[in-house]
Structure formats: structure tokens, C-alpha cells
Enquirer: 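Please see the structure below; I have some questions.
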Amino acid sequence: MIEAHQLTKRYGETTAVDRLDFTVKPGTVTGFLGPNGAGKSTTMRMIIGLDAPTSGTVTVNGRPYAEHTAPLQEVGALLEAKSIHPGRSAFDHLMAQAYTHGIPRRRVEEVIELTGLQSVAKKRAGAFSLGMGQRLGIAAALLGDPATLMLDEPVNGLDPEGVLWIRNLLTSLADDGRTVFVSSHLMSEMALVADHLIIVGRGRLLADTTVEELVRQANGDSVTVATNDPARLREVLAGPGVEIIGRAGSEELQVSGLTTRAIGLKAAEAGIALFELTAKTVSLEEAFMDLTRDSVEYHGSTEVSGRAAA
Ligand SMILES: Nc1ncnc2c1ncn2[C@@H]1O[C@H](COP(=O)(O)OP(=O)(O)OP(=O)(O)O)[C@@H](O)[C@H]1O
């Protein structure tokens, strides 16, 4: 369990993390999502005591990280690419860490197997591909068999097979009852690995929600309906809580406050033919972009023109 209360970090004029309140619960994969510069890495560094909050608190399993006597057994972290001695093998790298933390050799062998590194464990880590390097970083994070795992951008730059591997691993770790906290700036990647989402922008909490709920909220309850008699359909559908928008001369109406089913039934009862009856659907990517629009530091021209056209 990770709990942040009014967590704040300022670097001079920059407020990297701004009064964040959130809880990351065990038994589920929680995605930590936000555009570049949103404050994700800073938050993660504060969670494991690499940075001190300007104000507020963050605890892991009920205590600040520094107060744990065996922190590696509490939280395993994969932050930016770890500095690994390029001439050292993956096995020796893990053994060195295990040795300094009183972790037995058996556990090193276990994490090598868990991360699929058996065939390359004795090779120089310097010759590892990005995917192998990520696996090695995750193996190191798992060494202490921690109840909480925190991974900063673990799928960054991985091929689809690597993304799938990470997804399965994270899901199984969560199924074991662990707390799994994973950051990304890409919604498409997060949608594949996370169930719950904590979304930040410019250091602020924008949403603390599930993937499904985010899409549901973004979709609203707008329905597009087309008919050759929009004026009459308006009369038939009108009622408390129902809002209908349509351009003059257009056969299309946007209806909110009624389901597609209710609209279809009312139209049929009134003998009105419908050409289209579609609930608005928004992709996760669009939902995320809508939410973080004001927090993105640099807008590309395609995105701006894309919205103008929408
Ligand atoms: N050590 C530092 N000194 C000064 N400013 C910093 C420092 N670390 C981070 N920042 C600033 O704090 C803000 C948040 O940065 P952070 O790296 O936490 O964001 P992020 O969400 O992890 O971004 P990304 O997705 O690009 O990794 C940015 O404006 C960044 O420039």
C-alpha cells in the first residue's frame, strides 16, 4: 500500500508535485499516468526516499520508506535505467545486490527464472538489449520479494512481446496480493497493463479512477440519431433531463439523457424511421487527452488542428 497526503515537491519556481492525495492499493495494477513533466518520476523518487517532499507525506506499507528496517523487502523499484557495470553478468549484478542485503543465492536464481533471464544470466549485462535490461531491472526490484513494486516507465521502448510479458508479470504479481504501481506517459500502454489509474498533470491529481470509469465518463451519455423527421423526433424524445441538439436542415440529432434503447423504442412507437442510432464512444487515448489537455507542456500542431476539426 502506498499512501500520499498533500504530497508536494518544489524545485525553486517549479512545483513538480502539487498537493497530491492518493492511495495505491494491493491486489491490483495501478497505472500512474500523465504527460511529460507531470511529476510522476518526482513522486516515485519521494516514495522511495530519493527526494524529500517540500511538504506533505508519503508512506509505503504504513511508514515512510526511510523508517523501514529492510526497505528492499518492502518495496522494489525500477526507476530510470539503473547503472549496471557493463562487464558484469546479470547473475553477478543480482548477486552483488543480494549479498549486500542479506538475500540468499536461491532468491537470485528465482528472480532470474521469473524474469526469463536464464539463458543470458551469465552474459555481460553491457551487451543486453533494452528489453533484457528492463527484465534485469525488474529482477533486481523483485529480489527482496517485496509487497510493493514500483516501476517507472517499464514498457518504454519495448516491443509488443515485451509489453505483453510485462503485462502478464504485473498482473500475476497483483494477483499474488502485491501493490503494483507503474508509470507511463502513454495511455495506450497503460490501458494494457493497469486496472486502476491515477492521472496527474502539472503535478496535480486529475483523476483517480478505473480504466472503465474513465471511458464511461468521457463518453457521457450522448447518442447520435438520424431520421428524416428530426422535428417530430425532437417532440417525441423531449422530457425532463433530456437535451437535444441538432443543426437546422440536418437529419442528425445529438441526444443526451436517453439510452439508445429508449430512443429506439420511442421512435418505433411514434412510427419514426431511424437511419442511425449510435452511442458516442471515446477511445481511452481521447479520454486521456481530454483530461490532460491543459496540462500538456507543448502541443503539437496535429493535435490542435485535430481538435478544431472535431
Ligand atoms: N531535480 C530537478 N530540478 C529541477 N526541476 C526538476 C527536477 N526534477 C524534476 N523537475 C521538474 O519537475 C517537473 C516534473 O518532472 P518529472 O520528471 O517528475 O515528470 P514526469 O511526469 O516523470 O515526466 P516524464 O514523463 O517526462 O518522465 C518538470 O517540470 C521537471 O522539469
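This one's a predicted model, so the numbers in the text were calculated from it and none came from an experiment. Ligands are counted one by one from 1 in listed order, and the atoms in each one are counted from 1 as well. Basis for what follows: all heavy atoms, side chains included, without hydrogens, waters or symmetry-related copies.
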Enquirer: Hydrogens and angles aside, do Thr224 and Gln254 bring a side-chain donor and acceptor to less than 3.5 Å of each other?
Expert: yes
Enquirer: Have Asp51 and Thr42 got a donor and an acceptor in their side chains that come within less than 3.5 Å?
Expert: no
Enquirer: At a 4.0 Å threshold, what atoms of ligand 1 neighbour a non-hydrogen atom of Asn36?
Expert: 23 (O), 24 (P), 25 (O), 26 (O)
Enquirer: Taking 4.0 angstrom as the limit and counting only heavy atoms of Glu153, give me the atoms of ligand 1 inside it, by number and element.
Expert: 25 (O)
Enquirer: Assess the side chains of Asp21 and Gln6: does a donor N or O sit below 3.5 Å from an acceptor N or O?
Expert: yes
Enquirer: Using the side chain to side chain donor-acceptor pair (under 3.5 Å) rule, collect all pairs that involve residues 115-128, keeping only residues at least two apart or in two chains.
Expert: none
Enquirer: Give yes if a backbone or side-chain nitrogen or oxygen of Gly37 is under 3.5 Å from a nitrogen or oxygen of ligand 1, and no if not.
Expert: yes
Enquirer: Taking a cutoff of less than 4.0 Å between a non-hydrogen atom of the residue and any ligand atom, is Gly39 in contact with ligand 1?
Expert: yes
Enquirer: Does CD in Glu252 sit with more than 12 non-hydrogen atoms of other residues, nucleotides or ligands closer than 6.0 Å?
Expert: yes
Enquirer: Can you name the atoms of ligand 1, numbered from 1 with element, that are less than 4.0 Å from a heavy atom of Ser41?
Expert: 17 (O), 18 (O), 20 (P), 22 (O), 27 (O)
Enquirer: Using only heavy-atom distances, determine whether the side chains of Gln97 and His101 contain a donor-acceptor pair under 3.5 Å.
Expert: no
Enquirer: Just which atoms of ligand 1 are under 4.0 Å from any heavy atom in Thr42?
Expert: 9 (C), 15 (O), 16 (P), 18 (O)
Enquirer: Report, in ascending order of atom number, the atoms of ligand 1 lying under 4.0 Å from any heavy atom of Arg45.
Expert: 8 (N)
